[in-house]
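Report on the following structure.
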There are 2 protein chains.
Amino acid sequence: MFQDPPDPGYDVPARIGDPLSKVFTPALVIDLDAFDRNLMRMKRFVAARGLRLRAHAKTHKSADIAKLQIESGGAVGICSQKVSEAEALVRAGITDVLVSNQIWGEARAARLARLAEHAKVQVCVDDPAQVAQISAAAVAAGVEIGLLVEIDCGARRCGVQPGSEAVTLARLVDASDGLRFNGLQAYQGSLQHIACAEERRVAARSAAKATKTTITALREAGLSCETIGGAGTGSFVLDADLGAVNELQCGSYIFMDADYDRVSEASGERPGGMENALFVLTEVMSRPVPGRAICDAGLKALAVDSGLPRIDVPGLRYTGASDEHGTIEDPEEKLALGNRLMLVPGHCDPTCNLHDFYIGVRDGRVETIWPVTARGKLF
Amino acid sequence: MFQDPPDPGYDVPARIGDPLSKVFTPALVIDLDAFDRNLMRMKRFVAARGLRLRAHAKTHKSADIAKLQIESGGAVGICSQKVSEAEALVRAGITDVLVSNQIWGEARAARLARLAEHAKVQVCVDDPAQVAQISAAAVAAGVEIGLLVEIDCGARRCGVQPGSEAVTLARLVDASDGLRFNGLQAYQGSLQHIACAEERRVAARSAAKATKTTITALREAGLSCETIGGAGTGSFVLDADLGAVNELQCGSYIFMDADYDRVSEASGERPGGMENALFVLTEVMSRPVPGRAICDAGLKALAVDSGLPRIDVPGLRYTGASDEHGTIEDPEEKLALGNRLMLVPGHCDPTCNLHDFYIGVRDGRVETIWPVTARGKLF
């Protein structure tokens, strides 16, 4: 029904050239000017420091944005967090992917090996059993897969302990068929969200020390690290100063979010001067009583794990999200039915994963529509 | 690449007939036996009480499940929360939809009117300006759209005040071209999550009283209510006892979740005996240190707005979600790499909206794979 054949534009919330006022809400909107500035800020940063950037595509899951990061933004390739996410991006033309995560299972390892027929592929490990599975899959497919040994440099999530444990695993990788030992994964995820600047510095120094100790131990064992990957948006300036990593894995820098803004404000340090480029456009669809407006963006349009979205209009506050509604406190009665707001999401990555399209806007008009290529690619 | 033409099965995490052990993780799994029992429990309940069921499809967003609810589960039709969600379900064969929410905008009203050419369509209003837009769209399309006037019966979200405000709006609907006044929307959403049984009873009584007062006022104004819609999974037994609503709008009953379980336990009242039928299957992909296991289901596979998922295995606790990782405390060292767990999601509706497919399992094997038809249909 509706169309025969179905019009693929029917489920897209906007058309190229539309004014912002015509975009169906809620919609995931990119301020393309701010986006371009963030892209260039990071490009200049890595160039000035002599570092590589491997932009994290888990943030945006978009092949179009990944290509821009590689072609114009100084990135050597991308990170991905899941094999199916990497597959979607490689199918869309990306040719250099690090799965910056552990993977498990013969079937998944076989998919990774198949992917390596089409792109340069690397993956992280923190256990000999993973190494064995990936080696077997690489041999069966006749490909070589690059491995990074992940160390736990303070985040207490994945990773072997720095030092001798890492050396033992690196030796196994080096001795395994179909694999190439490429270096270390030394990402300290919890650094990103430490609001106290001094505390973050202490934690970053500790991560850098653990990483350097491990590099030295590997060198003594005759193993060199082509890549030492790490650093997120909240810590990349600090990590670059400390000099332990040579390949930055920032993702959120391209968009930023309300949680990063809170950390920046609390610490007085804005990482690299990055600015908000991602918004959820919403509309007031109910104005039931004085002081309260209800908008059309709730839990299914905004991830709230790191807090509710922010409204950059004095006197307005987003105070509650239900599945399809957002409650806005409006004591000064500023809002009427149909009024539109640009919400700054609490957490950019899982918010992007809720949407099918980015609506890229410049000068108040829709300039680009990019699909969220790897949305929902979970395994 | 990969396939030419692309194999659509490549992004599906399972195949019919696979044992559960072969499903790629994380995956959204339905225990079909529990699902069938929930379906029948609700069917028997509404039949015994002489009530109608209009199952809420915002929970599952699946045309297959909606059809089962209508064809086997005693439902007269479905609720949907957004126009684009309703469109996706009508395109897949559903013929009776209430958009149980306000809508705004001429373009959106035009889409709703277009939908009414293909299905019986109703929508809620709480403002004269919405009525004018929908009336104009219905007239332009030459269709009739059924309207429910939403009253705020305690949830403090959308809705006019019970009593005379509702009567004024209902009169306007009744007098508008292209519209049919069908009754009231009297859903008290916050009832669902009140853990204290007595407190919930008080709130439910207050909602029922407000609803009945409004029905009487409408009758005195010469307006009769064919439909009084309301009642969610946490309150439908109570709401049925109180007798104010005649069309139940339960959605979560078909799946349940950890938050409903917490409320049920705290209050000692399990609504209708419904049981957990929805799980996120996850796998341990890192086992870095004694006592800690990392699984592959994080924020992008599980909604955490109503709490972290539950693991029904003594000694194991899911203690932290990052984007693609879940941290599991395992002090007794039960878990090894590759071990699989069925997580009970904290909140079923937004969890389903993260996935593209339901993997229906019976006797340990994949029996059905249902797409999440209206996933991400936000506007």
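In what follows, chains carry the letters A, B, and so on, assigned in the order in which the sequence lines appear, proteins first and then strands, with residues in each chain numbered from 1.
Using a 4.5 Å heavy-atom threshold, the side chains of A:Asp356 and B:Arg375 count as touching. Looking only at side-chain heavy atoms (C-beta outward), B:Val289 and A:Gln161 come within less than 4.5 Å of each other.
Atom CG of residue B:Asp127 and atom CG of residue A:Leu337 lie 4.5 Å apart, to the nearest 0.5 angstrom. Taken to the nearest 0.5 Å, the OG atom of A:Ser286 stands 13.0 Å off from the CD1 atom of B:Ile103. Distance check, rounded to the nearest 0.5 Å: CG of A:Asp323 to OG1 of B:Thr59 gives 8.0 Å.
For A:Asp152, the part sitting under 4.5 Å from any heavy atom of chain B is the side chain, from C-beta outward, and nothing else. Proximity to chain B (any heavy atom under 4.5 Å) is shown, for A:Ser84, by neither the backbone nor the side chain. With a 4.5 angstrom heavy-atom cutoff, A:Val304 touches chain B only via side-chain atoms. Looking at A:Glu150, there are no atoms closer than 4.5 Å to chain B (heavy atoms on both sides), in backbone or side chain. For A:Val284, the part sitting under 4.5 Å from any heavy atom of chain B is the backbone (N, CA, C, O) and nothing else. Only the side chain of A:Lys377 comes within less than 4.5 Å of a heavy atom in chain B; its backbone stays farther off. Heavy atoms of A:Ile294 lying under 4.5 Å from chain B belong exclusively to its side chain.
A:Arg340 CZ: more than 12 foreign heavy atoms inside a 6.0 Å radius.
A salt bridge links A:Arg108 with B:Glu283: the closest approach of a Lys/Arg side-chain nitrogen to an acidic carboxylate oxygen falls below 4.0 angstrom. Comment: A:Asp11 engages B:Arg91 in a salt bridge, judged by a side-chain N to carboxylate O separation of less than 4.0 angstrom.
Side chain of B:Gln130 to main chain of A:Met285: a donor-acceptor pair is present (N/O by atom type, distance under 3.5 Å, no hydrogens or angles). Side-chain atoms of B:Arg292 come within 3.5 Å of backbone atoms of A:Arg157 as a donor-acceptor pair (strictly under, hydrogens ignored).
Ranked by heavy-atom pairs under 4.5 Å with chain A, the list B:Val83, B:Val160, B:Asp305 is led by B:Asp305. Among B:Ala321, B:Pro350, B:Ala129, the residue with the largest count of heavy-atom pairs under 4.5 Å with chain A is B:Pro350. Highest contact tally toward chain B, considering only A:Lys22, A:His355, A:Lys82, is held by A:Lys82 [criterion: heavy-atom pairs under 4.5 Å]. For chain B, the option among A:Thr25, A:Thr327, A:Leu354 with the highest count of heavy-atom pairs below 4.5 Å is A:Thr25. Contact tally against chain A (heavy-atom pairs below 4.5 Å) for B:Glu165, B:Glu117, B:Gln81: the top residue is B:Gln81. For chain A, the option among B:Ser306, B:Ser322, B:Gly159, B:Cys158 with the highest count of heavy-atom pairs below 4.5 Å is B:Cys158.
Taking A:Glu324 as the reference, A:Lys300 meet the salt bridge (charged side-chain N to carboxylate O under 4.0 Å, His left out) condition, with sequence neighbours excluded. With sequence neighbours left out, B:Thr233 forms a side chain to side chain donor-acceptor pair (under 3.5 Å) with no residue at all.
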Intermediate values then yes/no, side-chain contact (heavy atoms from CB on, under 4.5 Å), B:Gln102 and A:Asp296: CA-CA 9 Å; B:Gln102 282 63 41; A:Asp296 59 8; over 6 Å; no

Working note: B:Asp126 + A:Arg287, criterion salt bridge (charged side-chain N to carboxylate O under 4.0 Å, His left out); need CA distance, chi angles, decisive distance, verdict. CA-CA 8 Å; B:Asp126 69 356; A:Arg287 195 71 185 79; over 6 Å; no

